[in-house]
Every structure is written in C-alpha cells, then in structure tokens.
*Asks:* 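Pasting a structure here, questions to come.
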Amino acid sequence: MHPFTFSTAKTVVFGAGSIAQIGDIARDQLGARVILVTDRGIVDAKLHESALASLAAAGVAVTIFDGVTADPPEKVVLAAAEQARREGAEGVVGFGGGSSMDVAKLVALLARGEEELSSIYGVGQARGPRLPLMLVPTTAGTGSEVTPISIVTTGEAEKKGVVSPVLLPDIALLDPELTYALPHHVTAATGIDAMVHAIEAYTSTSANNNPVSRLLAKEALRLLGGDIRSAVREGTHGEARANMLLGAMFAGQAFANSPVAAVHALAYPVGGHYHVPHGLSNALVLPHVLRFNAETCSRAYAEIAPCAFPWLAEVPVARRAEAFVEALTHLCEEVGLAQRLRDVGIPREDLARLAHDAVKQTRLLVNNPRPLSESDALAIYEAAW
C-alpha cells in the first residue's frame, strides 16, 4: 500500500438541533466577537436566527456579512475580509451553502492581513495563520465544511481554487434541520453534486487516492443514493435529511483527500458563463464524462455502482459500468433536473468556448482516470447538448 495523508476538520458536531450549541462552541473556540458570513437568501428566510440567538445567549458579539453570491467573485471575498478586520472579528462562522463557506474560509485567512488573495491561488500557496473558523452547511451537497478548498470567480467567468490545509475549519457543525426548507430543485442538484464528489474521489488518479477516501466515498453513495428521492419528495423527512447531510460530508472528506476530476472541470465553465448552479452543471455533464472515462475505469465504476443502486449488484460486472451511468441519468431525471445543456439556455455554437475553458482546469484534469484533450471536451459537450 502506498503512503498517503488524510486530513479533515478538527471537530465535527452532527445532529438534529445541534445549532443550539453554536454559541457555547463559538465562545470557547472562536472568541468573543465573530463575523457570520452568509448570503441574503439565508437572512431573508431568517434561517440564521437560531444561530444568532445561541450566540447572543453565550455572550458572543456578531457582525453579519450577507453579501455572498453564487460563484463568489473576488470583490465579495475582499469586502467580507475588510468587514472582518474593521469590526475586529476574533473568529469566523461560515453559514450557508458552499459559496458562503468558501468565502468564510478566505475571510478567516485574509482578515489577518498577512496574505493577499492574488498570491494564494493554486495548491499549497496559502500558509496562514488564520482566525478560528467554524462552518455550518445549510445544504447537503458541497461538503465544503470539511474541505481545504475555496473556489473563487476571477475575471468574467474563470474559476480558480485556493487549496491548502490551513483552510480546513476548526469545527464543522451539521444540523439536518437547517436543510428542511431547501427547495426541491436545490435538494436535487446539491445531492447529485455530492454523489459526483464521491464518484470522482473513488476513481481519482491522485497520488493521494487512499483507502479512507474510498471507504468514505462508498458510504456516501450508499446514504445519498438511498435517500435523495425521499429528501426531494418530503423536505422535512428527518432521516432522509440527516443521511443526505452526512453523506455529503463523507463525500467532502473523500474528495478533499482524493481530488475530483473531469466532471468538475467541465462543469465549471457551464456555471461560470451561464450561472447554472454548480450541482446542476455537474449533473448535465456527469453521464457523458463517465462514459468517456469508462474505457479506463469501468471496473471501479462497477465496484461503486451497487453502493448507490443496490440492484446493480445483480448486473454482470462487464455491463455494470454502463448500467451505473444509465441509473445516474435516470436518477437526475427522476429528481427533476434538466437533462441537456440546451435545456439551460446554452447555444450549440458556444460549446467550443466551453471546451477551451474546461481544459484550463489542469488542477482537476490531472486527477482524471483518462487523459482529456480539448477535442475530447468538445465531444463530451456535444453529447450533453
């Protein structure tokens, strides 16, 4: 067995109603004054009020930054970091979906004023120190609460990642009740996103692909595949919501250590240029990338297929990878996601531009089980259109 490193959040707090603990945890581990990084939708829905009540009861002063947007641009990150410095924040709470948690990670780092955002893109460039950090997901999808990755939109549409162990939070607090009010389409898209994380982590060619990540990926697929339909149909289904949130975290832990690949590389330009939600962008290219990769990793797909879809254990191994792709395609349709790039307003004449941008995602493509050229990317987009 080759050497590997497995890293994750220092502490995970999980359970229905666990948001009531945030005040005591923050007082003990973040400090007397924190900045809560979130988005306007969370504030308008008052989803953060239970957290604010707990923080106030514990004597923790809170300043709120609610300017996070989907696919957050650099200016949002810099504005949040400036507010943290101005208000004298001693700790950071990221509260919301992946974008809010990604911004919070960088706020914790940049608020110290010792590093510039422009200098930390890439792998291992951010070195710290940072402010104490707690992440609280309100969607079951990104797994950002346990990853050392923050994705930022630079320029008009390009996305860049900051990847460093220093971004791993001190505490990940997961309360399934915070996900009860998620709309059906968000539940579906974020759930598929988490499944993609698990699939790509399991098959990643990263030198750090390891037994722990593969084990977590399998369990993530079991939880997510088993309960995504129930969570979409019945938003307050407690067991389904808990399993989705836990599965998304397991998938996050898996790909944080065994990184994702071509599905994400091809999804990023779709989201960047057309503002298609990230989970849906993944779903649109997922089956076509898997068919492309099956030439080199059909056995790996056959191994994980029954985790998400138990009945596929009865399909012969030689045919199981294709059956897996078909089952995922049907699942995306069943939970109400768009099926084709044309369905989200992408014109065919733009596919070449998407392919050109996708191959710039070398940080991701290096992990793909099959080398992918610009012409390959174009063929995949054509199939998805």
*Asks:* How would you list all residue pairs meeting side chain to side chain donor-acceptor pair (under 3.5 Å) that involve residues 62-76, not counting sequence neighbours?
*Replies:*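 Residue pairs with at least one partner in residues 62-76: R40-D66, T63-Q83, D71-K159, E74-Y121.
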*Asks:* Show which side-chain atoms of residues 108-120 pair as donor or acceptor with protein atoms under 3.5 Å away, not counting sequence neighbours.
*Replies:*
{"unit_1": "E115", "atom_1": "OE1", "unit_2": "G128", "atom_2": "N", "d": "2.9"}
{"unit_1": "E115", "atom_1": "OE2", "unit_2": "R127", "atom_2": "N", "d": "3.0"}
{"unit_1": "S119", "atom_1": "OG", "unit_2": "E116", "atom_2": "O", "d": "2.8"}

*Asks:* I need the minimum non-hydrogen distance between L131 and A89, along with the two atoms involved.
*Replies:*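 Shortest heavy-atom separation between L131 and A89 comes out as CD1-O, 3.6 Å.
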*Asks:* Quick one: salt bridge (Lys or Arg N to Asp or Glu O under 4.0 Å) partners of D357, sequence neighbours excluded?
*Replies:*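 Counting only residues at least two positions away or on another chain, D357 forms a salt bridge (Lys or Arg N to Asp or Glu O under 4.0 Å) with K360.
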*Asks:* Side chains of E158 and Y268: do they bring a donor and an acceptor to under 3.5 Å?
*Replies:*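 Per modelled atom types, E158 and Y268 side chains form no pair under 3.5 Å.
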*Asks:* Please tabulate, for the side chains in residues 191-198, all donor-acceptor contacts under 3.5 angstrom to protein atoms that are two or more places apart in sequence or on a different chain.
*Replies:*
{"unit_1": "D193", "atom_1": "OD1", "unit_2": "H197", "atom_2": "NE2", "d": "3.2"}
{"unit_1": "D193", "atom_1": "OD1", "unit_2": "H278", "atom_2": "NE2", "d": "3.4"}
{"unit_1": "D193", "atom_1": "OD1", "unit_2": "N282", "atom_2": "ND2", "d": "2.8"}
{"unit_1": "H197", "atom_1": "ND1", "unit_2": "G141", "atom_2": "O", "d": "3.4"}
{"unit_1": "H197", "atom_1": "NE2", "unit_2": "H264", "atom_2": "NE2", "d": "3.2"}

*Asks:* Are the side chains of V92 and V34 in contact, using a 4.5 Å heavy-atom criterion?
*Replies:*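 SC-SC contact between V34 and V92 ruled out.
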*Asks:* Looking only at side-chain N and O atoms, does T187 offer a donor or acceptor that is under 3.5 Å from a partner on R241?
*Replies:*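 Yes - a donor-acceptor pair under 3.5 Å links their side chains.
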*Asks:* Pair E303, Y202 - check side chain to side chain donor-acceptor pair (under 3.5 Å), show working.
*Replies:* CA-CA 10 Å; E303 290 170 356; Y202 192 87; 2.6 Å; yes
*Asks:* Quiz question: by atom type and distance under 3.5 Å, do the side chains of D102 and S144 form a donor-acceptor pair?
*Replies:*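 Looking only at side-chain atoms, S144 and D102 do form a donor-acceptor pair, the distance falling under 3.5 Å.
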*Asks:* Examine distances only and state if a side-chain atom of S204 and a backbone atom of A201 form a donor-acceptor pair shorter than 3.5 Å.
*Replies:*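 Not confirmed, S204 side chain does not pair with A201 backbone.
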*Asks:* Contact between S7 and L168 at the side-chain level, heavy atoms closer than 4.5 Å - yes or no?
*Replies:*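 Yes, at least one pair of side-chain atoms sits under 4.5 Å.
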*Asks:* Would you say S373 and D376 are linked by a side-chain donor-acceptor pair, where the criterion is simply a distance under 3.5 Å?
*Replies:*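 Note: D376 and S373 side chains meet the donor-acceptor criterion.
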*Asks:* Going by ring pair (Phe, Tyr, Trp, His ring centres under 6.0 Å), name the residues that satisfy it together with F309, two or more places apart in sequence or in a different chain.
*Replies:*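 With sequence neighbours excluded, F309 shows a ring pair (Phe, Tyr, Trp, His ring centres under 6.0 Å) to W311, given in chain and number order.
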*Asks:* Which residues satisfy the salt bridge (Lys or Arg N to Asp or Glu O under 4.0 Å) test with R299, sequence neighbours excluded?
*Replies:*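 With sequence neighbours excluded, R299 shows a salt bridge (Lys or Arg N to Asp or Glu O under 4.0 Å) to no residue whatsoever.
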*Asks:* Quick one: list whatever passes side chain to side chain contact (heavy atoms under 4.5 Å, CB included) with A57, sequence neighbours left out.
*Replies:*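 Partners of A57 under the side chain to side chain contact (heavy atoms under 4.5 Å, CB included) test: none.
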*Asks:* Mind listing the closest non-hydrogen atom pair of K105 and L135 along with its distance?
*Replies:*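 Scanning both residues completely, I find the closest heavy atoms to be CE-CD1, 3.6 Å.
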*Asks:* Please name all residues satisfying side chain to side chain contact (heavy atoms under 4.5 Å, CB included) with D170, sequence neighbours left out, ordered by chain then number.
*Replies:*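 For D170, the residues satisfying side chain to side chain contact (heavy atoms under 4.5 Å, CB included) (neighbours in sequence not counted) are K10, R130, P132, L133.
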*Asks:* Decide yes or no on side chain to side chain donor-acceptor pair (under 3.5 Å) for N209 and S206, but give the supporting numbers first.
*Replies:* CA-CA 5 Å; N209 192 327; S206 166; over 6 Å; no
*Asks:* Please name the pair of heavy atoms, one in I19 and one in D175, separated by the smallest distance, quoted to 0.1 Å.
*Replies:*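 Scanning both residues, the minimum pair turns out to be N-OD2, 3.1 Å.
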*Asks:* Which ILVMFWY residues are connected to V186, directly or by a chain of links, through side-chain heavy atoms under 4.5 Å apart?
*Replies:*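 Under the 4.5 Å side-chain rule, V186 groups with L182.
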*Asks:* Restricting to non-hydrogen atoms, name the atom on D343 and the atom on A338 that form the minimum distance, rounded to 0.1 Å.
*Replies:*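 Heavy atoms only, the tightest pair is CB-CB, 4.0 Å.
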*Asks:* Could you list all the ring pair (Phe, Tyr, Trp, His ring centres under 6.0 Å) pairs where at least one residue sits in residues 45-98, not counting sequence neighbours?
*Replies:*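 Applying ring pair (Phe, Tyr, Trp, His ring centres under 6.0 Å) to every pair that reaches into residues 45-98, excluding sequence neighbours, yields nothing.
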*Asks:* Under 3.5 Å, is there a donor on one side chain and an acceptor on the other for N368 and N293?
*Replies:*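 N293 and N368 do have a side-chain donor-acceptor pair below 3.5 Å.
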*Asks:* Indicate every side-chain donor-acceptor pair of residues 348-356 with a distance under 3.5 Å to a residue at least two apart or in another chain.
*Replies:*
{"unit_1": "R348", "atom_1": "NE", "unit_2": "E382", "atom_2": "OE1", "d": "3.0"}
{"unit_1": "R348", "atom_1": "NH2", "unit_2": "E382", "atom_2": "OE1", "d": "2.8"}
{"unit_1": "D350", "atom_1": "OD2", "unit_2": "Y274", "atom_2": "OH", "d": "2.0"}

*Asks:* Taking the hydrophobic residues Ile, Leu, Val, Met, Phe, Trp and Tyr, and joining any pair whose side-chain heavy atoms are under 4.5 Å apart, which ones share a cluster with L223?
*Replies:*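 ILVMFWY cluster around L223 also holds M1, F4, F6, V12, F14, V146, L174, V212, L216, L245, L246, M249, F250.
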